[in-house]
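These numbers were taken from a predicted model, which means no experiment stands behind them. By convention here, the first residue in the shown sequence is residue 1.
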Amino acid sequence: MKLNLFNVELSISRKNSHVTSDLSKKDIDELNAEHIQNILMNGKDYYIDKSQDISLPTADDKNKISDAVQRLSNDGIFITPSFVEASHIEELCQLIESYSNDFLLKLKKEKYYEDELALIQTKQCKIKGYASLAAYPKATLDIRSGSDEGMIDIFNVDKLLKGTKGEKIIDQIVNNHFLNNLLNSLPTPLVIRNLNSYVNSGITSTRGFHVDTYQEQIKIFIYLTDVLELDNGPYTYVKGSHKDSHYHRINQYLSKNQKAKTETPVVPFDQVYPILAPKGSLVISDQSGSHRGFPQSKTGKRRVLTINCAPK
Ligand SMILES: [Fe+2]
């Protein structure tokens with residue numbers, strides 16, 4: 001800024017005015033950390049009560065499909081608690097757990113290990129990028145680095161469970177009448193493309209609020225463990241944030257100079273929902289809305305089956 005006082009030109013730099021216009025990753029991290037602190041202050045009981053707003057009961061009446069379509073359009077999310085029978089979920093979870101422990105042992109301290117059943121890798125040293133991992137003919141246990149460090153994202157988990165009881169349970173979920181009817185009834189009808197499983201234990205640092213894309217992208221989650229404590233790292237969604245709004249535009253503006261152009265740290269706090277629900281619960285959300293994984297405590301545990309969809 002230039003000022004002309006008594007014919008003496010003064011130049012005031014931005015540094016001297018104590019305001020820097022460049023937004024850093026640290027500013028975004030701090031804003032996200034504030035949201036986490038505020039959620040912790042409200043506490044789990046507050047959010048268990050609040051989740052009624054986005055809950056679609058299990059009752060299978062004929063209006064449920066249109067209700068679900070409406071919820072996704074208005075709120076970008078809904079949850080159906082205890083959608084899959086608990087005994088099936090426990091069996092599925094145990095199988096996934098035992099395979100992931102087995103492959104972790106086989107990996108030892110190497111960067112990757114591969115056999116006829118699956119690949120396990122660190123730092124995406126063998127197969128890179130979501131599309132290649134999803135298209136790989138075997139299951140891949142991808143150990144995340146960077147944000148969500150240590151989380152295991154199992155691509156094509158169904159291939160890992162071929163020939164086990166888990167295959168049958170997964171088949172039942174994938175062919176569920178309600179899910180398929182719903183996907184078919186969306187404005188852009190979808191089909192199920194591939195299945196992943198997230199294995200999170202003590203993941204204390206998670207990526208802040210972000211969108212996966214700026215276009216509608218429906219994703220289906222089924223909790224394989226009880227996520228009834230904030231310590232377990234619930235999936236956390238900002239209701240209605242999939243719609244165009246000033247928040248949307250502010251976030252796009254703020255993150256345009258960031259490495260990831262999809263960070264969305266500015267969120268209406270009263271619309272934030274950490275999804276606290278029992279195992280077997282179904283969560284469907286539009287990933288163009290702001291979301292994140294809540295940071296776990298060191299002993300926190302969460303297992304999830306994720307179902308990815310694509311236009312028919
Ligand atoms: Fe995401």
Side-chain angles (χ1 to χ4, degrees), residues 14-15 18-39 76-77 111-112 120-136 140-155 194 196 198-200 202-219 221 233-238 241-269 271-272 274 285-296 302 304 306 308 310:
R14 280 189 171 154
K15 270 186 191 155
H18 301 285
V19 175
T20 53
S21 61
D22 291 342
L23 181 82
S24 71
K25 172 78 170 52
K26 191 166 164 265
D27 294 322
I28 292 181
D29 290 347
E30 282 176 359
L31 189 49
N32 274 311
E34 262 180 49
H35 299 320
I36 295 298
Q37 282 314 311
N38 290 333
I39 292 170
I77 189 164
K111 287 185 177 143
Y112 78 93
I120 181 165
Q121 65 171 0
T122 57
K123 299 195 169 136
Q124 301 211 337
C125 61
K126 188 91 200 297
I127 306 291
K128 274 191 181 59
Y130 183 89
S132 308
L133 281 157
Y136 201 59
T140 303
L141 295 89
D142 188 55
I143 304 176
R144 294 244 183 115
S145 39
S147 51
D148 302 300
E149 177 104 32
M151 164 187 168
I152 309 174
D153 187 353
I154 309 178
F155 283 75
N194 63 303
N196 288 37
Y198 298 159
V199 178
N200 292 48
I203 307 299
T204 54
S205 169
T206 55
R207 185 177 172 192
F209 282 110
H210 65 278
V211 296
D212 290 352
T213 158
Y214 287 108
Q215 276 133 28
E216 183 187 75
Q217 190 181 81
I218 301 296
K219 202 164 180 174
F221 302 88
Y235 175 63
T236 301
Y237 193 84
V238 184
S241 60
H242 61 309
K243 287 183 180 165
D244 188 32
S245 71
H246 52 291
Y247 288 101
H248 228 120
R249 288 187 292 280
I250 289 169
N251 283 316
Q252 265 183 288
Y253 182 79
L254 292 180
S255 63
K256 71 179 178 197
N257 293 326
Q258 299 300 309
K259 196 171 157 208
K261 316 283 180 226
T262 47
E263 303 299 327
T264 60
V266 183
V267 294
F269 186 70
Q271 297 303 309
V272 173
S285 70
D286 180 347
Q287 304 304 99
S288 71
S290 299
H291 62 276
R292 65 171 297 163
F294 198 85
Q296 293 180 311
R302 190 195 74 182
V304 180
T306 65
N308 304 294

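- A distance of 9.5 Å separates CD1 in Ile36 from CG in Asn38, rounded to the nearest 0.5 Å.
- Distance check, rounded to the nearest 0.5 Å: OG of Ser285 to CG of Asp212 gives 8.5 Å.
- A donor-acceptor pair under 3.5 Å links the side-chain atoms of Asp286 to the main chain of Gln217, judged by distance alone.
- A donor-acceptor pair is defined here as one N or O able to donate and one able to accept, closer than 3.5 Å; no such pair exists between the side chain of Tyr247 and the backbone of Ser290.
- With His248 contributing its side chain and Lys243 its backbone, the two residues share a donor-acceptor pair below 3.5 Å.
- Put simply, the side chain of Arg144 reaches to within 4.5 Å of the side chain of Asp153, judged on heavy atoms.
- Looking at heavy atoms from C-beta onward, Thr264 lies out of side-chain contact with His291 at the 4.5 angstrom threshold.
- Between the Gln296 side chain and the Ile203 main chain, a donor and an acceptor come within less than 3.5 Å of each other.
- In this structure, CD1 on Ile127 lies 4.5 Å from OH on Tyr136, to the nearest 0.5 angstrom.
- When every heavy atom of His242 is checked against every heavy atom of Gly76, the shortest pair comes out as CE1-N, 3.2 Å.
- Listed for the Gln121 side chain is no donor-acceptor partner under 3.5 Å among the backbone atoms of Leu141.
- Looking at Gln258, Arg207, Lys25 one by one, the single match for side-chain hydrogen bond (donor to acceptor under 3.5 Å, both in side chains) with Glu263 turns out to be Arg207.
- Rounding to the nearest 0.5 Å places CG of Asn257 at 12.0 Å from OG of Ser24.
- Aromatic ring centres of Tyr235 and Phe221 lie closer together than 6.0 Å.
- Residues Ser288 and Gln215 form no side-chain contact, since every pair of their non-hydrogen atoms from C-beta on lies 4.5 Å or further apart.
- A donor-acceptor pair under 3.5 Å is absent between the side-chain atoms of Gln271 and the main chain of Pro268, judged by distance alone.
- When all heavy atoms of Asn194 and Ala134 are compared, the closest pair comes out as ND2-CB, 3.7 Å.
- Inter-residue side-chain proximity for Val266 and Leu31 is flagged as met; some heavy-atom pair is nearer than 4.5 Å.
- Between the side chain of Arg302 and the backbone N or O of Gly233 there is at least one donor-acceptor pair closer than 3.5 Å.
- Heavy-atom contacts from other residues, nucleotides or ligands closer than 6.0 Å to OH of Tyr112 number 12 or fewer.
- Residues Tyr198 and Thr306 approach most closely at CE1-CG2, 3.4 Å, considering heavy atoms.
- Proximity of a side-chain donor or acceptor of Asn32 to a complementary backbone N or O of Phe209 within less than 3.5 Å is detected.
- With a 4.5 Å cut-off on side-chain heavy atoms, Thr122 and Ser145 do not count as touching.
- Between Asn308 and Asn196, the closest side-chain pair of non-hydrogen atoms falls below 4.5 Å.
- Side chain of Thr140 to backbone of Asp142: no donor-acceptor contact under 3.5 angstrom is found.
- Nearest heavy-atom pair, Gly208 versus His210, reported as atom, atom and distance to 0.1 Å: O-ND1, 2.9 Å.
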Carefully, step by step, assess Leu254 and Ile28 under the rule side-chain contact (heavy atoms from CB on, under 4.5 Å). CA-CA 9 Å; Leu254 292 180; Ile28 292 181; 5.6 Å; no

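- Ring-plane geometry between His35 and Phe269 is classed as parallel, the angle between the planes falling under 30 degrees on a 0 to 90 degree scale with a further cut at 60.
- Going from atom OG of Ser205 over to atom CG of Asp148 covers 7.5 Å, rounded to the nearest 0.5 Å.
- In this structure, Lys261 contributes its side chain and Lys256 its backbone to a donor-acceptor pair below 3.5 Å.
- In this structure the side chain of Val211 never reaches within 4.5 angstrom of the side chain of Gln287, judged on heavy atoms.
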